[in-house]
Protein chains: 2
Amino acid sequence: MNKISQNTPDCTIFLLAKAYQKAHGQFKAKLRPYNLTNLQHLVLEGLWIEEGVTAADLGKLLVMDKATLSGVLDRMIDSGWIRKESDPDDGRVLRLYTTEKSADLREELIALRIAANEEMLAGFSHEEQVLFKRLLKDLS
Amino acid sequence: MNKISQNTPDCTIFLLAKAYQKAHGQFKAKLRPYNLTNLQHLVLEGLWIEEGVTAADLGKLLVMDKATLSGVLDRMIDSGWIRKESDPDDGRVLRLYTTEKSADLREELIALRIAANEEMLAGFSHEEQVLFKRLLKDLS
DNA sequence: GCATCATCCTTCGTATGCGAACAATATGAA
DNA sequence: TTCATATTGTTCGCATACGAAGGATGATGC
């Protein structure tokens with residue numbers, strides 16, 4: 001049991017995965033009362049930046065596979081967070097818009113994301129936080 | 001499109017998720033020739049540390065949900081990487097062992113993980129690598 | 001010895017994540 | 001114009017993830 005605690009730290013990918021899983025899980029718990037998943041929240045943040053964005057562009061924005069996005073969008077339409085409109089100029093394109101429901105919760109949900117980020121980094125000094133973000137950005 | 005590039009960097013959880021996804025995807029590509037998934041590789045590494053480990057203990061070791069692990073183990077048995085044995089002293093317990101197939105590839109697969117880690121961190125200085133690992137460890 | 005509780009594993013349901021194939025549509029070259 | 005090609009979104013298949021419930025088994029208190 002403690003053998004692995006001497007071994008796995010050499011695997012940074014493992015550490016990265018577990019750090020991600022923990023942060024993801026904590027944010028997930030915060031979102032549960034809203035019946036939103038992490039990915040659905042991310043889609044809303046994307047739409048608040050670019051209302052009427054194309055599904056393809058949103059996928060690029062969020063670095064998300066279009067196959068994954070397709071299902072997420074359908075579920076968000078079913079639960080009333082967003083709506084689709086087909087582009088009049090290009091029959092292939094879907095444009096995405098937020099609904100009143102999401103507009104009403106916008107400030108609350110953005111605050112939730114900010115709080116989740118702060119909680120995750122709470123144990124770090126300011127310098128460590130800046131460095132950590134830079135290192136992560138360099139990796140992506 | 002560039003609006004989000006000014007915005008998402010404020011979300012460290014997003015950066016963490018994307019860094020994880022990228023590292024995960026690169027390792028996944030390396031494992032494809034072996035018909036192994038990332039999680040299956042991780043299970044093998046766990047078994048090489050503790051042959052005959054309990055499924056429950058392995059889950060704790062790898063910080064993995066037992067529900068997830070159950071399916072992973074079944075697929076690994078089907079593909080001949082591991083085998084199950086029920087504990088003679090405790091009828092609830094399954095003990096996991098590697099097969100010859102995985103023993104034969106052990107050094108190769110461990111080298112693969114080391115290479116994947118080095119590639120991921122190749123852009124960092126030694127100091128940055130050490131610091132990055134420490135920050136990740138602190139998060140988990 | 002038995003009822004209660006804890007533990008181990010499985011199964012189910014829902015939601016990613018992503019490669020691959022596909023239909024519908026647009027675009028560009030001949 | 002028409003055919004080849006590219007793009008958009010959907011669907012399928014497989015593999016995580018994980019909460020929740022359930023069945024089998026062990027341990028504990030009385």
Side-chain angles (χ1 to χ4, degrees), chain A residues 13-14 17-29 31-43 53-79 81-82 84-96, chain B residues 13-14 17-29 31-43 53-79 81-82 84-96:
Chain A
I13 297 177
F14 179 80
K18 295 316 162 184
Y20 160 69
Q21 276 180 18
K22 185 169 179 186
H24 187 267
Q26 287 176 345
F27 194 22
K28 182 180 176 181
L31 289 172
R32 195 180 310 278
Y34 299 90
N35 267 310
L36 268 179
T37 67
N38 303 53
L39 204 38
Q40 291 173 4
H41 181 278
L42 194 59
V43 166
V53 73
T54 292
D57 280 347
L58 188 62
K60 288 173 198 156
L61 254 52
L62 306 181
V63 195
M64 186 186 312
D65 194 272
K66 60 186 176 180
T68 304
L69 194 53
S70 189
V72 175
L73 295 178
D74 283 345
R75 283 185 288 276
M76 291 183 76
I77 291 168
D78 288 346
S79 46
W81 291 103
I82 62 172
K84 277 182 187 172
E85 275 183 28
S86 47
D87 190 307
D89 299 331
D90 189 337
R92 300 167 301 179
V93 170
L94 285 182
R95 297 200 168 272
L96 304 168
Chain B
I13 297 177
F14 179 80
K18 295 314 161 184
Y20 160 69
Q21 277 181 17
K22 186 170 179 185
H24 187 265
Q26 287 177 346
F27 195 22
K28 181 181 177 180
L31 290 172
R32 194 181 311 279
Y34 299 90
N35 268 311
L36 268 179
T37 67
N38 303 53
L39 205 37
Q40 290 174 3
H41 181 278
L42 193 58
V43 166
V53 72
T54 291
D57 280 348
L58 188 62
K60 286 174 200 156
L61 255 52
L62 306 181
V63 195
M64 188 187 309
D65 195 272
K66 59 187 174 180
T68 303
L69 193 53
S70 190
V72 175
L73 295 177
D74 284 344
R75 282 185 289 276
M76 291 183 77
I77 291 168
D78 288 345
S79 48
W81 292 102
I82 63 171
K84 276 183 189 172
E85 275 184 27
S86 48
D87 190 308
D89 299 331
D90 189 337
R92 300 167 301 178
V93 169
L94 286 182
R95 297 202 169 271
L96 303 169

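Since we're looking at a predicted model, the values are computed, not measured.
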Roughly, in whole Å, what's the span from CD in B:Gln26 to C1' in C:dC18? 15 Å

Correct closest heavy-atom pair for A:Gln21 and B:Val63 would be OE1-O, 3.7 Å

Flag the pair A:Val72 / A:Thr37 as yes when at least one side-chain heavy-atom distance between them is below 4.5 Å, and no otherwise. no

Closer to the 5' end of DNA chain C via nearest nucleotide, is it A:Pro88 or A:Leu39? A:Leu39

Whole-Å distance between C:dA15 P and A:Phe27 CZ? 17 Å

If you take all heavy atoms of B:Leu94 and B:Ser86, which pair is closest and at what distance? CD2-CA, 4.2 Å

Along DNA chain D, first and last positions that approach a heavy atom of chain B under 4.0 Å: D:dA15 to D:dG26

Taking every heavy atom of B:Leu69 against every heavy atom of B:Gly59, the minimum-distance pair comes out as CD2-N, 3.6 Å

Can you see which heavy atom on B:Asn35 is nearest to which on B:Trp81, and at what distance? O-NE1, 4.1 Å

I'd like to know if the side chain of B:Lys18 reaches the main chain of A:Leu62, judged simply by a donor and an acceptor atom lying under 3.5 Å from each other, with no hydrogens or angles considered. yes

Quick check on C:dT16: is either OP1 or OP2 less than 4.0 Å from any side-chain nitrogen or oxygen of A:Tyr20? no

For B:Thr37, report the nucleic acid contact type (base, sugar-phosphate, nothing); a contact means any heavy atom under 4.0 Å. sugar-phosphate

So, B:Asp90 and B:Arg95, do they make that salt bridge, N to O below 4.0 Å? no

For nucleotides 2-10 of chain C, give me one character per nucleotide, 5' to 3': B if any protein heavy atom sits under 4.0 Å from the base, S if the only such contacts are to the sugar-phosphate, - if neither. ----BBSBB

Closest to the 5' end of DNA chain C, once A:Asp65 and A:Gly91 are matched to their nearest nucleotides, is A:Asp65

In whole angstrom, give the distance that lies between atom CG of A:Leu62 and atom C1' of C:dG17. 14 Å

Using whole Å, report how far CD of A:Gln21 lies from C1' of C:dT16. 13 Å

Quick one: do A:Arg75 and A:Asp78 make a salt bridge, cutoff under 4.0 Å? no

